[in-house]
Protein chains: 2
Amino acid sequence: MGVTSSIKRGSAELAILSVLVEEPLHGYEISKRIEEHTGGVLRFNLASLYPMLYRLEKRGWVKASWQTTSSGRRRRCYSLTAAGRKQLPPLRDEWRLFFRALDRLAGVSRA
Amino acid sequence: MGVTSSIKRGSAELAILSVLVEEPLHGYEISKRIEEHTGGVLRFNLASLYPMLYRLEKRGWVKASWQTTSSGRRRRCYSLTAAGRKQLPPLRDEWRLFFRALDRLAGVSRA
DNA sequence: TTCCTATATATAGGAACGCTATATACGTTG
DNA sequence: CAACGTATATAGCGTTCCTATATATAGGAA
């Protein structure tokens, strides 16, 4: 279960934005969400996820706010910004272009 | 034209094996073939291609032989080995798995 | 209460892969 | 002979993801 690192390379960005478009989540939840929604095929190490979130924050595509749960536990809640939401369609377009090109070349979608 | 570097990362291996399964080619031709077959969407720099070919050769998936054209020009002709041909179906399987997972998560194939 | 697991964030160090830049050199066309 | 396309090759860099490690709280099991 879980695809090779080199294959999924570059997909974390789209994956994160895609789960955040539905609702704001904190880092740990984002990781779980991606894993669950793909049946374990897409799975990112938490140590890969946090630096990615900081990059997205720096670009202004997500914004983070510290929360404290009722039990006194701190965590950062990430949500998409307007700029981040705007990035999603062109990102999807590029991935679709790539999918189709590789499919045409290598017959990936053929059973 | 041409998808982002980070997106196509890891696909060179499958792309090369896929064009070589049809007929043996030399490096420069492999590059052109990939570009033509994908309408310019997939495009690998020659400086990325040669190291990849050496890696594939080292793994025993392709074998190279020096040729000299009638005009006295040297070039290396690459062909798939039996081991390389065997790698293709599982590689396609993994890519398909990845495609479907990312599509489910991000709606890539939806127009 | 002690231990284990799950939750939660963070950084250091490294590997893989594709990039730009650069080098060399032959063939063909203008 | 200059310019361009063909052809191979290496050095050095950036990005992205990895493993390993650190810290800390909550809840359940032993």
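Just the heavy atoms: all of them, side chains too, but no hydrogens, waters or symmetry mates, feed the values below. Naming convention: chains lettered A, B, ... in sequence-line order (proteins, then strands); numbering from 1 in each chain.
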Between C:dC26 (P) and B:Gln67 (CD): distance, integer Å = 19 Å
Reported CD-to-NZ distance for the pair B:Glu29 and B:Lys32, which is rounded to 0.5 angstrom | 11.0 Å
Mind checking A:Ser48 for me? I need base, sugar-phosphate or nothing, with any heavy atom below 4.0 Å counting as a touch.
-> base
At what distance, to the nearest 0.5 angstrom, does OG of B:Ser18 lie from CZ of B:Arg33?
-> 13.0 Å
Scan A:Ala47 against the nucleic acid and name what it touches under 4.0 Å (heavy atoms): base, sugar-phosphate only, or nothing.
-> base
Give a yes/no answer on whether the side chain of A:His26 brings an N or O atom under 4.0 Å of OP1 or OP2 in C:dT9.
-> no
For A:Arg43 and D:dT19, give me the distance from atom CZ to atom C1', rounded to whole Å.
-> 15 Å
Separation of atom CG in B:Asn45 from atom C1' in D:dT10, rounded to whole Å = 13 Å
Hey, could you give me the CG/CD1 distance between A:Leu25 and A:Ile16, rounded to the nearest 0.5 Å?
-> 11.0 Å
Would you kindly give the CD1-to-P distance between B:Ile30 and C:dG18, to the nearest whole Å?
-> 14 Å
Using whole Å, report how far CZ of B:Arg55 lies from C1' of D:dT10.
-> 14 Å
Would you kindly give the OH-to-P distance between A:Tyr28 and D:dT25, to the nearest whole Å?
-> 17 Å
At under 4.0 Å, does any side-chain N or O of B:Lys8 touch on OP1 or OP2 of D:dT15?
-> no
Looking across every strand, which nucleic acid part, if any, lies under 4.0 Å from A:Leu46 by heavy atom: base, sugar-phosphate, or nothing?
-> base
How long is the gap from NZ on A:Lys86 to CG on A:Leu17, to the nearest 0.5 Å?
-> 14.5 Å
May I ask you to say what B:Ser11 touches in the nucleic acid, namely base, sugar-phosphate or nothing, with a heavy-atom cut-off under 4.0 Å?
-> sugar-phosphate
Separation between CG (A:Leu42) and CD1 (A:Ile7), nearest 0.5 Å, reads 11.0 Å
One should read off an interatomic distance between B:Arg96 CZ and B:Arg92 CZ, to the nearest 0.5 angstrom, of 8.5 Å
Give the dot-bracket string for DNA chain D, reading 5' to 3', where a pair is Watson-Crick or G-U wobble with both distances under 3.5 Å, ( ) marks pairs inside the strand, [ ] marks pairs crossing earlier ones, | marks a partner on another strand, and . marks unpaired.
-> ||||||||||||||||||||||||||||||
Between atom CD in B:Glu29 and atom P in D:dA7, what is the gap in whole Å?
-> 7 Å
